[in-house]
Protein chains: 2
Amino acid sequence: MAPGTKRGGNSAAPSGVDVARLAGVSQKTVSRVFNDEPYVSADVRRRVLDAAEQLGYRRNNAARALASGRTRSIGVVTLGTALYGPASLLMGVERAVRDMGYALRVVNTMEGDPAGVAGAVGSLLDQGVDGIVISEPIEEEGAAGETPLRVDVPVLVLGAPSPVTAPLVLTAGGGAGPMARAATEHLLELGHMTVHHLAGPQRWYAARDRLEGWRSALIAHGRTVPEVIEGDWSAASGYAAGRELARDTEVTAVFAANDDMAIGLVRALTEAGRRVPQDVGVVGFDDIPVAAYVTPPLTTVRQPFDTVAQEGLKRLVHAIENPDATQLPAADPPVDLIVRASSGPLVKGGRATEQ
Amino acid sequence: MAPGTKRGGNSAAPSGVDVARLAGVSQKTVSRVFNDEPYVSADVRRRVLDAAEQLGYRRNNAARALASGRTRSIGVVTLGTALYGPASLLMGVERAVRDMGYALRVVNTMEGDPAGVAGAVGSLLDQGVDGIVISEPIEEEGAAGETPLRVDVPVLVLGAPSPVTAPLVLTAGGGAGPMARAATEHLLELGHMTVHHLAGPQRWYAARDRLEGWRSALIAHGRTVPEVIEGDWSAASGYAAGRELARDTEVTAVFAANDDMAIGLVRALTEAGRRVPQDVGVVGFDDIPVAAYVTPPLTTVRQPFDTVAQEGLKRLVHAIENPDATQLPAADPPVDLIVRASSGPLVKGGRATEQ
DNA sequence: CTGAAAGCGCTAACAA
DNA sequence: TTGTTAGCGCTTTCAG
């Protein structure tokens with residue numbers, strides 16, 4: 001066989017041996033140079049680097065992984081949606097993974113996917129990853145895998161309790177409860193007797209979380225807890241809910257579980273002749289890019305996606321690299337309520353202040 | 001060394017040899033079973049599968065990649081943004097990659113990243129991928145890599161001309177020009193003498209593409225081509241542009257390069273007392289989820305992200321698996337103009353019809 | 001239909 | 001400071 005005509009791989013891809021030969025050293029020395037190991041003379045290092053450059057050498061990751069048992073990559077399981085929240089989180093995770101020096105592999109779970117999260121995790125395990133991030137898993141129906149699924153790498157779950165059992169499970173995010181509570185209290189402080197809630201689909205932990213935050217605020221302030229309306233995150237569902245709520249003149253304030261629904265809601269309210277914020281105060285959640293520019297500008301809550309991802313990944317990588325002492329759970333991210341016009345004080349004579 | 005106490009890898013991960021031993025066959029037979037190769041008796045296959053199940057066997061991908069020279073994975077380079085367009089495309093790519101039986105690796109290029117696309121591609125090459133998807137690359141400044149970067153796998157570029165040189169470069173998407181043209185013509189047909197354009201950042205190919213579509217429509221209809229205002233995709237930049245445009249009463253129609261800017265624009269126009277659509281018609285681009293629910297509901301253009309991703313990936317995978325006959329470029333995706341209230345016919349006595 | 005042998009390109013342990 | 005020797009767990013080739 002002529003050199004470079006090896007069996008597998010790109011016919012021309014040079015190997016560490018090729019570089020070693022050209023540099024006049026052993027293959028192990030090439031390995032040392034590329035791993036920044038100590039005990040390599042400056043001279044040798046130079047020669048190796050030159051030879052590598054000349055040949056266009058690139059370490060073979062598969063071989064590295066095989067020999068070392070580490071892939072230096074992290075897998076993430078996400079819902080396959082372009083919704084602002086999940087998409088932002090994914091971007092944050094990518095950045096954090098890269099910053100930690102790992103590669104990222106992505107697998108989506110579509111809603112209604114029979115294999116569900118377990119299937120996605122399995123596929124990641126097949127690919128070989130050193131750790132797994134499960135981003136905002138939702139509750140699954142009968143999707144329980146027949147086989148329990150042995151996960152033998154650390155897992156970080158973002159914004160939910162863990163849907164899998166693994167030797168080490170970390171969690172991060174999911175601090176939306178207090179934020180939802182703050183949003184609700186904001187409306188209460190504006191003089192509303194109570195606040196209605198337009199919830200997200202309750203199979204989403206994020207949705208339940210916000211609902212609980214809302215409820216706890218009302219209870220803490222001794223207010224009645226109105227019936228919840230459940231949407232599906234879409235502006236369309238917000239619109240439908242708005243038409244319903246508009247019929248009830250008792251409704252003077254609504255906290256929506258995300259901005260899209262809030263926008264649909266505002267539209268329905270407006271069409272029904274109920275002014276926002278004079279007749280009904282509305283608060284959303286997420287601070288999507290257009291929130292400040294819709295009419296009226298939306299009061300909302302901003303989540304620190306990047307911080308959550310970064311902080312979570314730092315702990316995951318720590319767990320991967322030090323399979324011992326567990327780390328401390330991080331402090332809850334800060335509440336960031338952004339007050340805009342949609343939640344101005346009540347104007348129309350005061351049912352809200354009359355009691 | 002006790003069995004299971006091998007050097008690399010998870011201490012307990014069973015190998016094909018373990019399965020073979022348990023099943024009473026050779027390791028090669030185990031390999032055959034897991035690769036669905038022919039010539040394995042049903043009986044043997046059963047035994048192997050049972051043994052594998054019992055041991056919790058999982059093929060080691062690194063070893064497969066090393067031995068075969070194929071990683072069965074595709075890398076994608078994206079801008080690290082949660083903007084609706086790019087995020088939707090990424091989701092489409094993930095789905096398409098998975099459907100083709102490949103794994104997905106993701107690397108983001110942040111704007112202003114010194115290494116730029118070349119760096120991201122390099123990192124993918126380091127990781128080892130069989131093909132690369134570059135999604136909506138933007139023009140880079142002095143980021144020209146010192147080393148030309150040898151890409152030796154097929155590349156698919158989505159929505160732009162290729163920023164790298166590779167032996168095989170495919171392209172898909174980028175059919176936004178005709179859509180922008182259709183959007184512009186729609187406004188013309190409504191009676192507007194001309195249409196202003198609120199463009200995206202011109203370093204984005206998508207932005208230039210839309211601008212060209214707009215310009216070509218005006219020229220084809222013999223209209224004057226007003227000066228372009230350039231935004232940065234954000235609603236804030238749309239708002240700023242809107243304040244400027246509101247001062248010019250000649251402006252009766254604006255085509256914005258995305259919905260976020262259109263929403264900011266509408267807000268500024270409205271605040272300045274110019275009614276949409278009666279005084280100024282507005283058309284956006286993307287059909288973001290809230291577009292139908294803002295005030296007024298936005299006329300916009302929907303792009304077939306999934307189709308583009310799917311179609312492109314089919315060709316990329318074909319190229320990977322058949323390093324020969326190139327495939328034909330696909331037909332441009334269909335124009336999908338969604339007419340809503342923001343572009344109703346001119347109402348105020350007609351500068352638009354007076355000429 | 002099944003198996004034995006070789007080797008992918010690297011890292012890990014041990015010498016020198 | 002450098003080199004030698006073994007594998008990592010698979011696929012490939014060639015024999016049965």
Side-chain angles (χ1 to χ4, degrees), chain A residues 1 3-21 23-48 52 55-72 125-128 130, chain B residues 1 3-48 52 55-72 125-128:
Chain A
M1 262 186 182
T5 318
K6 338 230 184 96
R7 209 154 26 94
N10 271 297
S11 29
S15 74
V17 189
D18 298 328
V19 175
R21 195 154 32 214
V25 297
S26 78
Q27 181 271 326
K28 171 70 231 198
T29 296
V30 173
S31 169
R32 282 206 182 86
V33 169
F34 276 87
N35 287 326
D36 277 323
E37 285 175 30
Y39 306 128
V40 195
S41 70
D43 170 51
V44 168
R45 160 166 269 115
R46 259 264 63 74
R47 286 206 330 260
V48 169
L55 260 31
Y57 171 68
R58 190 152 241 154
R59 254 184 319 189
N60 181 319
N61 218 351
R64 253 156 75 84
L66 178 56
S68 68
R70 295 186 44 202
T71 64
R72 291 161 185 80
L125 255 19
D126 277 343
Q127 294 179 43
D130 296 343
Chain B
M1 264 182 184
T5 318
K6 340 232 183 95
R7 206 152 28 92
N10 272 298
S11 27
S15 75
V17 188
D18 298 327
V19 175
R21 196 154 30 216
L22 182 57
V25 297
S26 78
Q27 180 272 324
K28 170 70 232 192
T29 297
V30 173
S31 169
R32 281 206 182 86
V33 170
F34 277 87
N35 287 325
D36 279 322
E37 284 174 32
Y39 305 130
V40 193
S41 70
D43 169 51
V44 168
R45 160 167 269 113
R46 257 264 63 76
R47 286 208 326 263
V48 168
L55 260 30
Y57 171 67
R58 188 153 245 155
R59 255 183 322 188
N60 181 319
N61 218 346
R64 252 155 78 82
L66 178 56
S68 69
R70 293 185 47 201
T71 65
R72 293 162 183 81
L125 256 19
D126 277 344
Q127 294 180 43

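Within every chain, numbering begins at 1; the chains are lettered A, B, ... in the order of the sequence lines, protein sequences first and strands thereafter. Bear in mind the structure is a predicted one, so any value in this text is a computation, not a measurement.
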- Note on the structure: Out of D:dT2, D:dC10, C:dA13, minimum distance to the side chain of B:Ser15 belongs to D:dC10
- Message: Does C:dT2 have OP1 or OP2 under 4.0 Å away from a side-chain N or O of B:Thr29?
- Response: no
- Message: Let me spell it out: for each of B:Gln27 and A:Arg32, pick the nucleotide of DNA chain C with the closest heavy atom. Which residue's pick is nearer the 5' end?
- Response: B:Gln27
- Which is true for B:Arg59 with a 4.0 Å heavy-atom rule: it touches a base, it touches only sugar-phosphate, or it touches nothing? sugar-phosphate
- Item | Spatial distance of atom CD (B:Gln27) from atom CZ (B:Arg21) [nearest 0.5 Å] | 11.0 Å
- Task: Take atom CG of A:Leu66 and atom C1' of D:dA6, then tell me their distance rounded to the nearest Å.
- Result: 13 Å
- Message: Does C:dC10 have its OP1 or OP2 closer than 4.0 Å to a side-chain nitrogen or oxygen of A:Ser31?
- Response: no
- Check if the side chain of A:Arg58 and the base of C:dG9 share a donor-acceptor pair of N or O atoms closer than 3.5 Å. no
- Scan B:Tyr57 against the nucleic acid and name what it touches under 4.0 Å (heavy atoms): base, sugar-phosphate only, or nothing. sugar-phosphate
- Message: Heavy-atom nearest nucleotide on DNA chain D for B:Glu37 versus B:Ala62: which residue maps closer to 5'?
- Response: B:Ala62
- Does the distance from a Lys or Arg side-chain N to an Asp or Glu carboxylate O, for B:Asp126 and A:Arg58, drop under 4.0 Å? yes
- Query: Whole-Å distance between C:dA13 P and A:Asn35 CG?
  - Reply: 14 Å
- Task: Could you say whether A:Val44 or B:Val17 is positioned toward the 5' end of DNA chain D, judged by the nucleotide with the nearest heavy atom to each?
- Result: A:Val44
- Whole angstrom value for the distance that separates P of D:dC10 from CZ of B:Arg70: 17 Å
- Check the distance between C:dT2's P and B:Tyr39's OH and give it to me in whole angstrom. 12 Å
- Item | Rounded distance (Å) that lies between atom C1' of C:dC1 and atom NZ of B:Lys28 | 13 Å
- Query: Taking atom OG1 of A:Thr71 and atom CG of A:Asp130, what is their separation to the nearest 0.5 Å?
  - Reply: 3.5 Å
- Roughly, in whole Å, what's the span from CZ in B:Arg45 to C1' in C:dC1? 12 Å
- Message: Measure CZ/A:Arg47 against P/D:dT1 and give the value in whole Å, please.
- Response: 15 Å
Please list every donor-acceptor pair under 3.5 Å in which a side-chain atom of residues 37-45 of chain A meets a protein atom from a residue at least two apart or in another chain.
| unit_1 | atom_1 | unit_2 | atom_2 | d |
| --- | --- | --- | --- | --- |
| A:Ser41 | OG | A:Val44 | N | 3.2 |
| A:Asp43 | OD2 | A:Arg47 | NH1 | 3.1 |

- Within the structure, does a side-chain N or O atom of A:Ser26 lie under 4.0 Å from either OP1 or OP2 of D:dG3? yes
- Value in whole Å for how far the C1' atom of C:dC8 lies from CG of B:Asn60: 13 Å
- To the nearest 0.5 angstrom, please state how far the CG atom of B:Leu125 sits from the CG atom of A:Asn61. 11.5 Å
